[in-house]
Peer 1: 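This is the structure I have questions about; it appears just below.
All chains are named by letter (A, B, ...) in the order of the sequence lines, taking the proteins before the strands, and each is independently numbered beginning at 1. Predicted model only: the values in this text are computed from it and were never measured.
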Number of protein chains: 2
Amino acid sequence: MAVCHDSFVKPDRDRPGASRVLASVGRTRPRQRTSDRVYEELASAIRDLRIPPGASLSETELAEQLHVSRTPLREAIVRLVETGLVSVVPQVGTRVELIRLDDVEQARFVRESLETAAFAEACAKPVRDVSALRDLLAEQERCHARGDIDAFFAADEALHEQIFAISGYLGAWQVMQPMKMHLDRLRRLSLPEPHTVQALIAEHTAIVDALEAGDAAGGREHLIRHARRVQNTAPALQAQYPEYFSS
Amino acid sequence: MAVCHDSFVKPDRDRPGASRVLASVGRTRPRQRTSDRVYEELASAIRDLRIPPGASLSETELAEQLHVSRTPLREAIVRLVETGLVSVVPQVGTRVELIRLDDVEQARFVRESLETAAFAEACAKPVRDVSALRDLLAEQERCHARGDIDAFFAADEALHEQIFAISGYLGAWQVMQPMKMHLDRLRRLSLPEPHTVQALIAEHTAIVDALEAGDAAGGREHLIRHARRVQNTAPALQAQYPEYFSS
DNA sequence: ACCGCCATACTTGTATTCAAGAATTCCAGC
DNA sequence: GCTGGAATTCTTGAATACAAGTATGGCGGT
């Protein structure tokens with residue numbers, strides 16, 4: 001597999017960057033590929049624990065259940081393997097990885113580092129429009145009131161994403177998503193507790209207040225406590241659902 | 001594409017987590033898949049600019065050049081698309097993305113945030129063995145002396161990775177790799193300047209010194225300056241190689 | 001009853017084929 | 001010479017077929 005140096009490149013007839021701009025402007029083209037649909041389907045199913053940790057997956061079975069062939073399904077699997085949520089042993093099988101507390105700890109570190117840094121950047125902005133964040137807080141209250149955990153989950157995500165958007169580093173939030181799924185599975189286990197949701201909303205409020213006040217240090221403390229809340233419930237959850245955890 | 005709730009799961013005969021431990025212990029099994037080799041080959045070629053930004057790729061041509069079929073090649077392409085370095089438009093073509101300064105800025109933010117956080121964690125360790133770091137500094141001097149840019153590149157990477165290893169958050173370094181390739185391409189453009197390498201080594205030395213002294217604040221400053229050094233050369237590089245840049 | 005062996009079924013990896021669509025090229029007409 | 005249109009070629013997407021290897025289950029011997 002030696003690389004033939006210049007032969008990778010194919011001579012371009014027109015200017016290289018031209019078509020990309022068109023692709024992002026003209027929205028008619030990118031009808032979602034089958035592989036993407038399958039990935040979204042599987043990723044959300046794993047994140048929501050509809051496919052529990054440790055479950056065996058069969059490419060052929062999954063393919064016929066989703067009414068696709070193995071080819072796009074495998075491309076989705078490849079992306080899931082990249083995240084570390086799925087492992088595949090050749091000629092043996094594919095399975096959803098168990099929750100490894102080390103992975104969770106690594107993900108917590110990444111999230112905490114990026115989120116506190118983004119918050120600091122957001123606080124440094126001369127104007128900070130927190131109205132969208134206030135709306136999301138109200139939405140979270142409504143979800144809590146009617147007991148809609150899925151909707152709360154979404155609003156929770158949206159609030160944190162909005163902080164990155166204000167900071168100007170939304171790209172950092174996006175690249176964090178695959179790794180964050182390790183945290184999401186743990187959070188999904190802990191969410192059913194009603195007082196947990198209430199505590200989360202209180203913390204969200206404190207974070208938004210700190211951002212509005214430009215209190216970088218205070219916000220940082222709230223964010224760290226927030227990020228570690230789920231982490232702290234890990235031992236209890238492992239005791240309650242031992243079959244979902246590794247080691 | 002509705003999800004049939006329980007039907008994803010296949011009944012397990014034995015305990016779910018058992019085989020994974022075996023797979024990581026017994027090293028005979030995982031002979032590298034073709035898809036992985038192809039990915040490594042393409043990723044390094046793109047990172048080293050052997051495949052320049054904006055180059056068109058043809059699945060069929062690449063497949064026959066690498067002596068593989070399109071199937072494993074496409075799986076490698078999927079992973080490259082995930083990193084944002086390659087874009088593929090159905091029925092039109094696949095190309096290596098141009099260097100977008102916004103992507104570079106997002107990557108710089110992620111790297112700076114994680115690296116300063118990891119450095120702080122490393123400084124908090126009661127014992128910090130910097131001997132491996134000293135060895136890498138010496139190695140970098142040797143590479144600089146004999147003008148081996150590729151080897152210097154590798155030793156540079158190894159030093160930063162070692163800092164994460166000391167901090168206990170090596171996983172954070174690993175998940176950062178795909179995004180970091182955006183920075184690597186820019187760095188590759190700037191490396192040929194001899195004084196650049198010398199300046200990098202000096203900064204590396206300062207960083208290691210700070211870690212040995214447990215000087216978290218000082219190390220942070222050096223790391224930030226270090227991360228932004230390449231970033232600062234971006235305008236000049238864009239002027240020199242305009243065909244490699246977007247917008 | 002237990003152990004070992006062999007056949008079978010099932011798993012993923014890879015190659016090949018078919019399909020759909022876009023871009024280019026060539027040729028006819030003006 | 002220029003313009004328009006149709007055919008050809010090249011692109012990726014998806015499905016199918018083939019290959020290699022593993023685990024399982026049954027069967028025969030001990």
Peer 1: For D:dT12 and B:Thr94 - does any side-chain N or O of the residue sit under 4.0 Å from the phosphate oxygens OP1/OP2?
Peer 2: yes
Peer 1: Figure out the CZ/C1' separation between A:Arg95 and C:dT12, and round it to whole Å.
Peer 2: 14 Å
Peer 1: With sequence neighbours excluded, tell me which residues meet side-chain hydrogen bond (donor to acceptor under 3.5 Å, both in side chains) with B:Gln140.
Peer 2: B:His204
Peer 1: Can you name the residues that form a side-chain hydrogen bond (donor to acceptor under 3.5 Å, both in side chains) with A:Glu157, not counting sequence neighbours?
Peer 2: A:Lys180, A:Arg187
Peer 1: What integer distance in Å separates B:Arg74:CZ from D:dA14:C1'?
Peer 2: 8 Å
Peer 1: For nucleotides 7-9 of chain C, tabulate all protein N/O to nucleotide N/O atom pairs closer than 3.5 Å, reporting atom names and distance.
Peer 2:
none

Peer 1: Is there a side-chain contact between A:Ser69 and the phosphate of D:dA14, meaning an N or O under 4.0 Å from OP1 or OP2?
Peer 2: no
Peer 1: Are B:Thr34 and C:dG13 close enough that a side-chain N or O sits under 4.0 Å from OP1 or OP2?
Peer 2: no
Peer 1: Relative to the 5' end of DNA chain C, which residue comes earlier, A:Gly93 or B:Pro72, by the nucleotide with the nearest heavy atom?
Peer 2: A:Gly93
Peer 1: Measure NE2/A:His67 against C1'/D:dA14 and give the value in whole Å, please.
Peer 2: 16 Å
Peer 1: Within the distance-only criterion (no hydrogens, no angle test), does the side chain of B:His182 pair as donor or acceptor with the backbone N or O of B:Gln106 below 3.5 angstrom?
Peer 2: no
Peer 1: Mind calculating the distance between CZ (B:Arg33) and C1' (C:dG13) to the nearest angstrom?
Peer 2: 9 Å
Peer 1: So do the side chains of B:Cys143 and B:Glu139 get within less than 4.5 Å of each other, counting heavy atoms only?
Peer 2: yes
Peer 1: Going by number, which of residues 77-85 of chain B have a non-hydrogen atom under 4.0 Å from DNA chain C?
Peer 2: none
Peer 1: Any donor-acceptor pair under 3.5 Å linking the side chain of B:Asp48 with the backbone of B:Arg50?
Peer 2: no
Peer 1: What integer distance in Å separates B:Glu75:CD from D:dG13:C1'?
Peer 2: 14 Å
Peer 1: Step by step, work out the salt bridge (charged side-chain N to carboxylate O under 4.0 Å, His left out) result for A:Glu82 and A:Arg79.
Peer 2: CA-CA 5 Å; A:Glu82 201 79 353; A:Arg79 293 165 66 181; over 6 Å; no
Peer 1: If only side-chain N and O atoms of A:Arg70 are considered, is one of them under 4.0 Å from the OP1 or OP2 phosphate oxygen of C:dT12?
Peer 2: no
Peer 1: Would you find a donor on one side and an acceptor on the other, under 3.5 Å apart, between the side chain of B:Arg70 and the backbone of B:Thr60?
Peer 2: no
Peer 1: Using residues 169-177 of chain B as the side-chain source, report each donor-acceptor pair under 3.5 Å to any protein atom, sequence neighbours left out, with the distance given to one decimal.
Peer 2:
from     : atom 1 : to       : atom 2 : distance (Å)
B:Tyr169 : OH     : A:Glu105 : OE2    : 2.6
B:Tyr169 : OH     : A:Arg108 : NH2    : 3.0
B:Gln177 : NE2    : B:Trp173 : O      : 3.1

Peer 1: Among D:dA14, C:dA23, C:dG13, find the nucleotide with the atom closest to the side chain of A:Val88.
Peer 2: C:dG13
Peer 1: Take atom CG of B:Leu62 and atom P of D:dT11, then tell me their distance rounded to the nearest Å.
Peer 2: 11 Å
Peer 1: How long is the line joining CD of B:Glu59 and P of C:dT14, in whole Å?
Peer 2: 16 Å
Peer 1: So, A:Arg33 and A:Glu75, do they make that salt bridge, N to O below 4.0 Å?
Peer 2: no
Peer 1: Please state how far atom CG in B:Leu73 lies from atom P in C:dT14, giving the value in whole angstrom units.
Peer 2: 12 Å
Peer 1: Ignoring hydrogens and angles, are the base of C:dT11 and the side chain of A:Gln91 linked by a donor-acceptor pair under 3.5 Å?
Peer 2: no
Peer 1: Report the residues that fulfil salt bridge (charged side-chain N to carboxylate O under 4.0 Å, His left out) with A:Arg185, sequence neighbours left out, ordered by chain and then residue number.
Peer 2: none
Peer 1: Taking N and O atoms by type only, does the side chain of A:Thr71 place a donor or acceptor under 3.5 Å from a partner on the base of D:dA15?
Peer 2: yes
Peer 1: Which of these nucleotides, C:dT11, C:dT14, D:dT12, is closest to any side-chain atom of B:Ser58?
Peer 2: D:dT12
